[in-house]
Q: 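Before I ask anything, here is the structure I am working with.
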Amino acid sequence: MTQVRTRFAPSPTGFLHIGSIHTALFAWLYARQQKGVFILRIEDTDNVRKVEGAVEAIMDDLRWLGLDCDEGPGLGGQHGPYIQSERLPLYKVAAQKLVDCGAAYKCYCSQERLEQLREFQTNNKLPPGYDRRCRNLTDAERAEKEKEGITPVIRFKTPLDGQTTIHDLIWGDVTFKHNTLEDLVLMKSDGFPTYHLANVVDDHDMQITHVIRAEEWMSSGPCHILLYNALGYEVPQFAHLPMMLGKDRAKLGKRHGSTSIGQFREEGYLPETMINFLALMGWSLDDKTEIFSLQDLIKYFTIERVSKTSAVFNHEKLEWLNGVYIRKLTPEEFAKKAMPFLERWLPESVKKPINPVYTGRVLALVQDRARTLKETAALTEYFFVDVYEYNSTDLISKGMDVEKTRQALTIAGERLAKQTPFDAASLEPMLRALAEELGLKAGQLFGSLRTAITGRTATPPLFQMMDVLGKERTLYRIQDAVKRLES
RNA sequence: GCCCCCAUCGUCUAGAGGCCUAGGACAGCAGCCUUUCAAGCUGUCAACAUGGAUUCGAAUUCCAUUGGGGGCGCCA
């Protein structure tokens with residue numbers, strides 16, 4: 001059996017889209033599982049949309065996710081170069097071959113004419129498409145056009161009759177009648193190939209066995225098969241993946257908020273989360289399992305279990321899943337990953353760099369509570385800032401009033417001042433006893449203290465926070481709260 | 001408009017003729033735990049788009065309708 005070779009072929013037109021990663025993941029998984037080869041190819045045949053630095057960004061994102069490439073730009077491989085703009089001669093030869101054997105033809109129609117044609121078709125509710133005016137030009141007519149100095153494009157001469165069936169690993173057999181297909185442009189007038197030509201030539205040249213791509217390519221599938229045949233190439237296997245949709249069920253795009261993988265990374269989502277989540281969009285193992293590592297996925301992934309239905313991106317579930325992966329981290333790993341986010345998102349007044357030992361202790365208190373790494377900044381802010389705003393009525397617990405609260409906090413402050421050692425284990429019995437002594441429920445006293453030392457009503461456990469904060473700062477904050485109640 | 005495809009809880013999905021009184025997860029709700037918030041646990045709400053046909057029997061097969069998506073560029 002021949003070795004499986006799959007590829008991921010993004011265009012360097014900006015940041016890597018989450019939908020592209022979805023495709024990349026499935027192609028990668030199939031290659032890895034089949035002990036095959038995964039190739040990265042850059043499809044930069046659109047000079048207009050090309051973005052500087054995009055190739056590096058793509059490779060960086062893939063690396064971050066753990067999707068390693070066997071062949072690709074800068075990685076070597078027997079079938080390079082892996083950047084299409086460096087492969088132009090190949091496409092020219094292929095296109096010329098097709099023209100020579102009569103499978104393609106030169107088209108001299110101007111873009112203006114095509115636009116007018118399309119406008120007319122739209123206005124008259126006709127199917128848009130090229131009217132094949134140049135398909136049967138005589139040699140004399142062609143010579144005439146050449147003399148005018150028009151640079152032609154090369155179009156594929158799609159058969160007028162018959163049909164082509166694409167055997168898709170996911171969709172089964174899908175048949176298209178040739179008379180619904182167009183005469184695709186293969187070569188643009190700027191000398192660059194279109195996606196269709198470059199893709200077919202490269203997939204053949206790089207010996208791709210399985211073309212795994214998104215469903216949006218389904219309808220150009222028959223054209224590609226026709227092209228493979230015309231060029232005398234063997235047709236690879238196809239697997240068209242279900243798409244990812246936004247909340248409005250439309251193709252996931254800019255209007256749906258964060259859609260580039262980099263944005264999720266910056267928000268503090270872990271690569272494990274993204275991989276696991278994306279794998280579950282259009283694929284499942286069974287009716288129960290939902291946590292999968294990359295290794296698990298390699299083990300269990302099968303194309304047979306990929307669904308045909310496109311999936312709506314569910315941000316809430318992604319957040320939940322990220323929480324699951326954050327909790328799986330060891331405290332050390334978590335601290336290491338969260339630290340940069342704190343450095344970046346903690347208020348400017350906080351002196352940087354922050355102390356790693358202290359920060360580690362702080363982070364240990366919020367690991368169970370954070371759903372993203374970025375969120376740790378908001379969750380721990382009061383550990384780094386001494387002055388903060390809060391509503392002094394939050395100091396007053398249920399069933400208490402200003403005076404009672406002031407007294408309780410004052411006494412608590414006095415007792416805490418005398419307390420040694422000042423650790424969570426010793427603090428708890430002491431304060432519980434104090435609550436009883438004051439005739440308060442534990443929750444009443446603790447609630448006031450919580451607000452006093454954090455300014456918040458929802459925080460990690462009180463005694464652990466006091467422990468981390470230390471005696472001096474704890475006392476200062478309680479005294480400050482008492483002052484607030486006095487004014 | 002034309003072509004192709006899809007259709008199970010709000011969302012991701014399990015389900016390949018009897019195991020389905022349709023399972024799991026997120027979200028929601030209720031409760032337990034608990035110093036608050038999380039986490040955890042328990043429970044609850046919630047779906048086979050509609051109409052025909054085949055069959056002893058249909059979420060599962062077939063047809064139609066409806067709804068949704070994708071494509072129809074010298075973009076990929």
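Proteins get letters first, then strands, A, B, ... in listed order; numbering begins at 1 in each.
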Q: Looking for any heavy atom pair under 4.0 Å, which part of the strands does A/Ala311 touch: base, sugar-phosphate only, or nothing?
A: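 A/Ala311: backbone/sugar contact only, no base atoms under 4.0 Å.
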Q: Could you tell me the Watson-Crick or G-U partner of B/rU35, where both distances fall under 3.5 Å? Say none if there is no partner.
A: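 Result: none.
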Q: Which nucleotide, if any, forms a Watson-Crick or G-U wobble pair with B/rA49, using both distances under 3.5 Å?
A: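 Paired with B/rA49, as far as the under-3.5 Å criterion goes, is B/rU65.
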Q: Taking only nitrogen or oxygen atoms into account, show me every contact under 3.5 Å that the protein makes with nucleotides 72-76 of chain B, one pair per line with its distance.
A:
residue : atom : partner  : partner atom : Å
B/rC72  : O3'  : A/Glu182 : OE2          : 2.9
B/rC72  : O2'  : A/Pro128 : O            : 3.3
B/rC72  : O2'  : A/Glu182 : OE2          : 3.1
B/rG73  : OP2  : A/Glu182 : OE2          : 3.2
B/rG73  : O5'  : A/Glu182 : OE2          : 3.4
B/rC74  : OP1  : A/Arg118 : NH2          : 3.3
B/rC74  : OP2  : A/Arg155 : NH2          : 3.4
B/rC74  : O2   : A/Ser189 : N            : 2.8
B/rC74  : O2   : A/Ser189 : OG           : 2.7
B/rC74  : N3   : A/Ser189 : OG           : 3.0
B/rC74  : N4   : A/Cys109 : O            : 3.3
B/rC75  : OP2  : A/Lys188 : NZ           : 2.7
B/rC75  : O2'  : A/Asp46  : OD2          : 2.9
B/rC75  : O2'  : A/Arg49  : NE           : 3.4
B/rC75  : O2'  : A/Arg49  : NH2          : 3.2
B/rA76  : OP1  : A/Thr45  : OG1          : 2.9
B/rA76  : OP1  : A/Lys188 : NZ           : 2.7
B/rA76  : OP2  : A/Tyr195 : N            : 3.1
B/rA76  : O3'  : A/Ser11  : OG           : 2.9
B/rA76  : O3'  : A/Glu43  : OE1          : 3.2
B/rA76  : O2'  : A/Ser11  : OG           : 2.7

Q: Going by the rule side-chain hydrogen bond (donor to acceptor under 3.5 Å, both in side chains), which residues pair with A/Tyr108 if we only count those two or more places apart in sequence or in a different chain?
A: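 A/Tyr108 satisfies side-chain hydrogen bond (donor to acceptor under 3.5 Å, both in side chains) with A/Glu146 only.
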Q: Look at the side-chain N and O atoms of A/Arg456 and state whether any lies under 4.0 Å from the OP1 or OP2 oxygen of B/rU36.
A: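 For B/rU36, OP1/OP2 do not have a side-chain N/O of A/Arg456 under 4.0 Å.
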Q: Between the protein and nucleotides 20-24 of chain B, which nitrogen or oxygen pairs come in under 3.5 angstrom?
A:
residue : atom : partner  : partner atom : Å
B/rG23  : N2   : A/Asp287 : O            : 3.4

Q: Rounding to an integer number of Å, can you tell me how far A/Leu365 CG sits from B/rU36 C1'?
A: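 Going from CG in A/Leu365 over to C1' in B/rU36 covers 14 Å.
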Q: Does B/rG17 have a Watson-Crick or wobble mate here (both distances under 3.5 Å), and if so which one?
A: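 B/rG17 is unpaired by these criteria.
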Q: Which part of the nucleic acid, if any, lies within reach of A/Arg305 when heavy atoms closer than 4.0 Å are counted: base, sugar-phosphate only, or nothing?
A: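 Sugar-phosphate contact only - A/Arg305 comes under 4.0 Å of backbone atoms but never of a base.
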Q: Give the minimum heavy-atom separation between A/Leu485 and A/Ser392, together with the two atoms involved.
A: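 Taking every non-hydrogen atom into account, CD2-O, 4.2 Å.
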Q: Starting from the 5' end of RNA chain B, give me the residue, A/Ala458 or A/Val312, whose nearest nucleotide shows up first.
A: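 The residue whose closest nucleotide sits nearer the 5' end is A/Val312.
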Q: Touch check for A/Gly221, heavy atoms < 4.0 angstrom, all strands: base, sugar-phosphate only, or nothing?
A: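 Since no nucleic acid heavy atom lies under 4.0 Å of A/Gly221, the category is nothing.
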Q: My understanding is that only residues two or more places apart in sequence, or in another chain, count here; which of them pass salt bridge (Lys or Arg N to Asp or Glu O under 4.0 Å) with A/Arg135?
A: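 Per chain and number, A/Arg135 pairs via salt bridge (Lys or Arg N to Asp or Glu O under 4.0 Å) with A/Asp183.
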Q: Find the distance A/Trp283:CH2 to B/rA25:C1' and express it as a whole number of Å.
A: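 Between C1' of B/rA25 and CH2 of A/Trp283: 14 Å.
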Q: Atom CG of A/Leu285 and atom P of B/rA25: how far apart are they, to the nearest Å?
A: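 Checked: the CG to P distance equals 16 Å.
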Q: Quick one: look up who B/rA30 pairs with, Watson-Crick or G-U, both distances under 3.5 Å, and put none if it's unpaired.
A: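 By the stated definition (distances under 3.5 Å), B/rU42 pairs with B/rA30.
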Q: When rounded to the nearest Å, what value does the distance between C1' atoms of B/rU8 and B/rA14 take?
A: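 Each nucleotide's C1' atom is 10 Å from the other's.
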Q: Can you list the steps and then say if A/Phe463 with A/Phe446 is a ring-ring contact (aromatic ring centres under 6.0 Å, His included)?
A: CA-CA 9 Å; A/Phe463 315 112; A/Phe446 298 169; 5.1 Å; yes
Q: Within the 4.0 Å heavy-atom criterion, would you say A/Phe463 contacts the bases, only the backbone, or no part of the nucleic acid?
A: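 Base, at least one base heavy atom under 4.0 Å.
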Q: Using a 4.0 Å heavy-atom cut-off across all strands, classify A/Leu462 as base, sugar-phosphate, or nothing.
A: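 Base contact.
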Q: Do NZ/NE/NH1/NH2 and the carboxylate oxygens of A/Glu333 and A/Lys337 come within less than 4.0 Å?
A: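 No, this pair does not count.
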Q: Could you check how far CE of A/Met430 sits from P of B/rU35, rounded to whole Å?
A: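 In whole Å, B/rU35 P and A/Met430 CE are 17 Å from each other.
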Q: Kindly indicate whether the side chain of A/Phe422, heavy atoms from C-beta on, has any atom under 4.5 Å from the side chain of A/Leu416.
A: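 A/Phe422 reaches A/Leu416 side chain to side chain.
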Q: Flag the pair A/Thr194 / A/Leu184 as yes when at least one side-chain heavy-atom distance between them is below 4.5 Å, and no otherwise.
A: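 In short, these two side chains do not touch, never coming nearer than 4.5 Å.
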Q: Send over the distance from A/Gln444 CD to B/rU36 P, rounded to a whole Å.
A: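 Atom CD in A/Gln444 sits about 12 Å away from atom P in B/rU36.
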Q: Enumerate all atom pairs, one protein N or O and one N or O from nucleotides 4-10 of chain B, separated by less than 3.5 Å.
A:
none

Q: Assess whether a salt bridge exists between A/Asp480 and A/Arg484, defined as any Lys/Arg side-chain N lying under 4.0 Å from an Asp/Glu carboxylate O.
A: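 Result for this pair is yes, salt bridge flagged.
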Q: Parallel, tilted or perpendicular for A/Phe277 and A/Phe313, by the 30°/60° rule?
A: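 Perpendicular, since the angle between the ring planes exceeds 60°.
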Q: Rounded to the nearest angstrom, tell me the gap between atom CG in A/Asn124 and atom P in B/rG1.
A: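 After rounding, the gap between these two atoms is 14 Å.
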Q: Taking the six-membered ring of A/Tyr130, is NZ or CZ of A/Arg155 closer than 6.0 Å to its centre and within 45° of its axis?
A: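 Judged by the rule, A/Arg155 and A/Tyr130 form a cation-pi pair.
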Q: State whether A/Arg249 places a side-chain N or O below 4.0 Å from either non-bridging phosphate oxygen (OP1 or OP2) of B/rC12.
A: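 Answer is yes, contact under 4.0 Å.
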Q: What class does the angle between the rings of A/His22 and A/Phe26 fall in, given that below 30° is parallel, 30 to 60° is tilted and above 60° is perpendicular?
A: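 It falls in the tilted class, 30° to 60°.
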Q: Does the side chain of A/His178 come under 3.5 Å of the side chain of A/Thr158 through a donor N or O and an acceptor N or O?
A: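 There is no such pair between these side chains.
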Q: Check the distance between B/rU35's C1' and A/Met465's CE and give it to me in whole angstrom.
A: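 Distance check: A/Met465 CE to B/rU35 C1' gives 10 Å.
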Q: Please determine, by modelled atom types, if A/Tyr82 and A/Asp202 share a side-chain donor-acceptor pair under 3.5 angstrom.
A: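 There is no such pair (donor and acceptor under 3.5 Å, judged by atom type) between the side chains of A/Tyr82 and A/Asp202.
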Q: Polar pairs (N or O, both sides) under 3.5 Å between protein and nucleotides 39-41 of chain B?
A:
residue : atom : partner  : partner atom : Å
B/rA39  : O3'  : A/Arg327 : NH1          : 3.4

Q: Which nucleotide, if any, forms a Watson-Crick or G-U wobble pair with B/rC72, using both distances under 3.5 Å?
A: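 Partner of B/rC72: B/rG1.
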Q: Provide, to the nearest angstrom, the distance between the CG atom belonging to A/Asp467 and the P atom belonging to B/rU35.
A: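 It is 18 Å, rounded to the nearest whole Å.
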Q: Could you say whether A/Phe446 or A/Phe313 is positioned toward the 5' end of RNA chain B, judged by the nucleotide with the nearest heavy atom to each?
A: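 Counting from the 5' end, the first nearest nucleotide belongs to A/Phe313.
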Q: If B/rG57 has a Watson-Crick or G-U wobble mate with both distances under 3.5 Å, name it; if not, just say none.
A: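 Pair assignment: B/rG57 / none.
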Q: Applying the side-chain contact (heavy atoms from CB on, under 4.5 Å) criterion to A/His224, which one of A/Thr164, A/Val200, A/Val211, A/Ile166 satisfies it?
A: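 Going through A/Thr164, A/Val200, A/Val211, A/Ile166 one by one, the side-chain contact (heavy atoms from CB on, under 4.5 Å) with A/His224 is satisfied by A/Val200 alone.
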Q: Decide, yes or no, whether a salt bridge links A/Glu216 with A/Lys251 under the criterion of side-chain N to carboxylate O below 4.0 Å.
A: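 Yes, this pair counts.
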Q: Please measure how far the C1' atom in B/rG71 lies from the corresponding atom in B/rA76, and state the result in whole Å.
A: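 B/rG71 and B/rA76 have their C1' atoms separated by 13 Å.
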Q: Side chains of A/Asp394 and A/Thr457: is there a donor and an acceptor less than 3.5 Å apart?
A: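 No, because no side-chain N or O of A/Asp394 sits under 3.5 Å from a partner of the opposite role on A/Thr457.
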Q: Within the structure shown, what part of the strands sits under 4.0 Å from A/Pro460 by heavy-atom distance: base, sugar-phosphate, or nothing?
A: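 The answer is base, as A/Pro460 lies within the cut-off (heavy atoms under 4.0 Å) of a base atom.
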